[in-house]
Amino acid sequence: MEERHSMEEKHSIKEKHSTQKIRSVEELTSYEVLEKRKIADIDSVTYLCRHKKTGARVALVSNDDDNKVFYIGFRTTPKDSTGVAHILEHSVLCGSKEFPIKDPFIELAKGSLNTFLNAVTYPDRTVYPVASCNDKDFQNLMHVYLDAVFYPNIYDNEAIFRQEGWHYELDEAGELSINGVVYNEMKGAFSSPDSVLYREISTALYPHTTYGCESGGDPGEIPELTYEQFLDFHRTYYHPSNSYIYLYGNMDMAEKLSFIDEHYLSAFDALDVDSEVASEPAFSAPVRKVREFPISEGEKADENTYLAWSLSAGDTLDRELYVAFQILDFALCTVPGAPLKKALIEKGIGKDVFSIYDNDIKQPYFSVVAKGTSVDREKEFRETIDAVLQEIVRNGFDKKALLAAINHFEFRYREADFGSFPKGLMYGIQMLGSWIYDDRKPFIHIEANETYRKLREKVEEGYFEKLIERYLLKNPHGAMVILQPKEGLAKLEEERGNLEYLSADGKKGKDKSGERGNLPTQAGGKKGRAASNEMCIFLILNISSLQLIPVNMIAYRQQYGSVDPAGIIAPAIVATFISTLAAVAYCKVMDGKRRA
């Protein structure tokens, strides 16, 4: 611990020395200030900057809030559903150049004074946010995260990819299976019908964009990801030229930016990164998509179907439409007596009815969902929705309902009460939702008082009725998504997946390098079910052997003041030799018994 403090003190001295003459952001020579202005709505002074050498984008929100927030984000647009963005998000937090311990994220979670610490993979971006009220803790969190994203240990340690992504395991019965942190996480996500529904809506509406892929990873496709593809994704997207850096709160912004430049950004040259989020061309007619999902034994399949009618709803950079559709969504399906929900419930089309408005993607969409229904109600479901909307356009919206919805969202915006989440964090996440689509527009959705004023006036002008007519009635860019339950599907898909990747009976699997190749089978036994002697030796060696040079343990010993941190190298080599010899001998003995 003393070693860590001394390192922090050294960094602090270096930062003070390098920034002692810098008094403001405008004086920084490594950054260009593109815009500076006060946003009265959030009582803050904001800066929009660009790092001159790399083109890194920087947004600052300076105010007197002591709960400081930092994040670095990258526009990540996967071209498939192998989950590479998600696996990388996990993996970069497994040690880095300046913080080589195995899991600095866990260490920070245990010992930091943070008010928020996480990393998030979105369909088109990956974000690493931290927050803290303590100045030194905030600086340390920022340092660890910057080092993690730019200099992760993934290039020196393939085991990180195998652990966080996917790998083979040998169970007690001698059968091979696929395992991995993200692989298992997404198996759980794909067993949730609500999660499957969101994914299917997105892929149905935007099939030719990054939203047509599952950024979290489809368990059926995750094992197709190779180690080299994983590294290439980091090389391509995790570069300052593709980064979005955000600082919020009461801090010396110039000092923080100097640190970021001197320790990280200045080491890179500008790179042309092709990460633009493409738009889906408008459909000429709606599409229909049916997907099965697993249910538990005993559940009735005919009472658990989902029907979802979804429509593309404009552009997220339209600041007025961005808020207006939230109000429309609330008034149609959420408030007591909401007309769309009421009509569907009264007809018994679904045990539950709800709506979705997702404006956190480039092309937002609006959905009406009937849960706990049957597929033979599809036509009635669609006709009821259209009938209610046509009546509203013809006779006008309930003005009180619209004004109540506007008041509800405006009050939430003004209060900025996000529960346990830091206010600056939520502002920053919302900013990124427009920033990655237009470098000039990070602040458009956190400056909303004028938007609410205009929408209140437009209630009397038939504005919301026109939105319904344009986007919900006369819009061909729509999709009917149907989720049909099937008992035993989860087990069937797991067995099918194992056979696809583990069977050698005319099928292909993946070897350890991630390249396509036949897996060995047990002589005279069932193909694809039992491991060969060679595979057993390979797996036992990996399980029994210790790391020859235990870097993480040396780092721990050094951190906690050991006089001879490297003193464990010789014992580790001896232990490795003995355990490996014993493992190989055991494997040979067991193979001899099997052959006998």
Side-chain angles (χ1 to χ4, degrees), residues 74-97 100 102-103 119 121 123-126 128 147-169 176-186 210 212-243 267-269 271-276 497 500-502 504 507-520 534-535 538-539 541-542 545 547-549 551:
F74 301 92
R75 192 163 57 190
T76 48
T77 49
K79 307 298 190 294
D80 55 42
S81 296
T82 58
V84 58
H86 188 188
I87 296 169
L88 191 56
E89 174 233 303
H90 280 242
S91 299
V92 299
L93 296 175
C94 292
S96 62
K97 183 172 71 173
K102 182 179 179 182
D103 203 334
T121 303
D124 52 17
R125 57 195 180 273
T126 308
Y128 297 85
D147 207 65
V149 298
F150 289 128
Y151 300 113
N153 283 346
I154 58 174
Y155 292 93
D156 301 320
N157 189 355
E158 184 181 345
I160 294 173
F161 166 66
R162 295 298 168 193
Q163 170 186 289
E164 301 300 324
W166 71 275
H167 61 272
Y168 294 119
E169 279 192 0
L176 283 173
S177 63
I178 299 172
N179 209 335
V181 175
V182 170
Y183 178 79
N184 289 330
E185 182 181 323
M186 295 311 296
T210 193
C213 304
E214 174 53 66
S215 63
D218 183 330
E221 295 186 37
I222 288 174
E224 295 179 5
L225 180 65
T226 69
Y227 178 54
E228 190 55 39
Q229 289 169 340
F230 165 77
L231 295 180
D232 281 343
F233 196 87
H234 182 269
R235 293 186 190 105
T236 301
Y237 295 106
Y238 279 58
H239 189 280
S241 299
N242 189 47
S243 69
F268 294 84
D269 294 319
L271 183 69
D272 184 14
V273 180
D274 181 13
S275 64
E276 184 178 356
E500 179 179 352
Y501 289 103
L502 301 179
K507 296 193 177 188
K508 299 293 184 180
K510 285 176 175 283
D511 62 20
K512 185 177 180 296
S513 68
E515 301 303 323
R516 289 289 186 181
N518 286 315
L519 291 177
E534 291 77 12
M535 181 60 75
F538 169 74
L539 290 171
L541 285 174
N542 276 276
S545 297
Q547 187 177 352
L548 281 177
I549 307 297
V551 176

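Because only heavy atoms are used, hydrogens play no part in the values below, and waters and symmetry mates are left out as well, while side chains stay in.
Between the side chain of Thr82 and the backbone N or O of Leu225 there is no donor-acceptor pair closer than 3.5 Å. Listed for the His234 side chain is a donor-acceptor partner under 3.5 Å among the backbone atoms of Val149. Judged purely by atom type and a 3.5 angstrom limit, His90 has no side-chain atom pairing as donor or acceptor with the backbone of Ala119. Judged purely by atom type and a 3.5 angstrom limit, Arg75 uses its side chain to pair as donor or acceptor with the backbone of Ser275. Between the side chain of Asp147 and the main chain of Lys97, a donor-acceptor pair closer than 3.5 Å is present.
Here the closest non-hydrogen pair linking Pro240 and Ser243 is O-OG, 2.7 Å. Residues Cys94 and Gln163 approach most closely at SG-NE2, 4.4 Å, considering heavy atoms. Pro78 and Cys213 make their closest contact through O-SG, 3.8 Å (heavy atoms, listed as atom of the first residue, atom of the second, distance). Here the closest non-hydrogen pair linking Ile222 and Gly165 is CG2-O, 4.4 Å.
Side chain to side chain, Thr126 and Thr76 meet the donor-acceptor criterion of an N or O pair below 3.5 Å.
In this structure, CG in Leu231 is found 8.5 Å from OG1 in Thr226, a value given to the nearest 0.5 Å. Taking CD from Glu276 and CG from Asn242, the interatomic distance works out to 11.5 Å, rounded to the nearest 0.5 Å. Between the CD atom in Glu158 and the CG atom in Asn153 there is a gap of 14.0 Å [rounded to 0.5 Å]. In this structure, Glu169 CD and Leu176 CG are separated by 10.0 Å, a value rounded to the nearest 0.5 Å.
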Worksheet entry | Evaluation steps, side-chain contact (heavy atoms from CB on, under 4.5 Å), between Glu89 and Glu164 | CA-CA 9 Å; Glu89 174 233 303; Glu164 301 300 324; over 6 Å; no
Item to complete: Kindly indicate, with the supporting measurements, whether the criterion side-chain contact (heavy atoms from CB on, under 4.5 Å) is fulfilled by Ile87 and Val181.
Response: CA-CA 8 Å; Ile87 296 169; Val181 175; over 6 Å; no
Worksheet item: Would Phe150 and Ser96 count as a side-chain contact (heavy atoms from CB on, under 4.5 Å) if you check the C-alpha gap in whole Å, the side-chain angles of each, and the deciding distance to 0.1 Å?
Response: CA-CA 8 Å; Phe150 289 128; Ser96 62; over 6 Å; no
Item to complete: Take Trp166 and Val182 through the test side-chain contact (heavy atoms from CB on, under 4.5 Å) and record every step on the way to the result.
Response: CA-CA 7 Å; Trp166 71 275; Val182 170; over 6 Å; no
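A search for side-chain contact (heavy atoms from CB on, under 4.5 Å) contacts involving Asp218 returns Ser81, Phe190, Arg199, Glu221, not counting sequence neighbours. With sequence neighbours excluded, the residues satisfying salt bridge (Lys or Arg N to Asp or Glu O under 4.0 Å) with Asp232 are Arg235.
Ring geometry, Tyr237 versus Phe233: the interplanar angle falls from 30° to 60°, so the pair is classed tilted. Tyr238 and Phe74 have parallel rings, their planes meeting at less than 30° on a 0 to 90° scale where 60° marks the start of perpendicular.
Among Ile160, Val92, Leu93, the one residue that satisfies the side chain to side chain contact (heavy atoms under 4.5 Å, CB included) test with Pro152 is Val92.
In this structure, the side chains of Val84 and Gln229 stay at 4.5 Å or more apart for every pair of heavy atoms. Side chains of Tyr168 and Ser177 form no contact here, defined as non-hydrogen atoms less than 4.5 Å apart.
Between Phe161 and His167, the ring center distance fails the sub-6.0 Å criterion.
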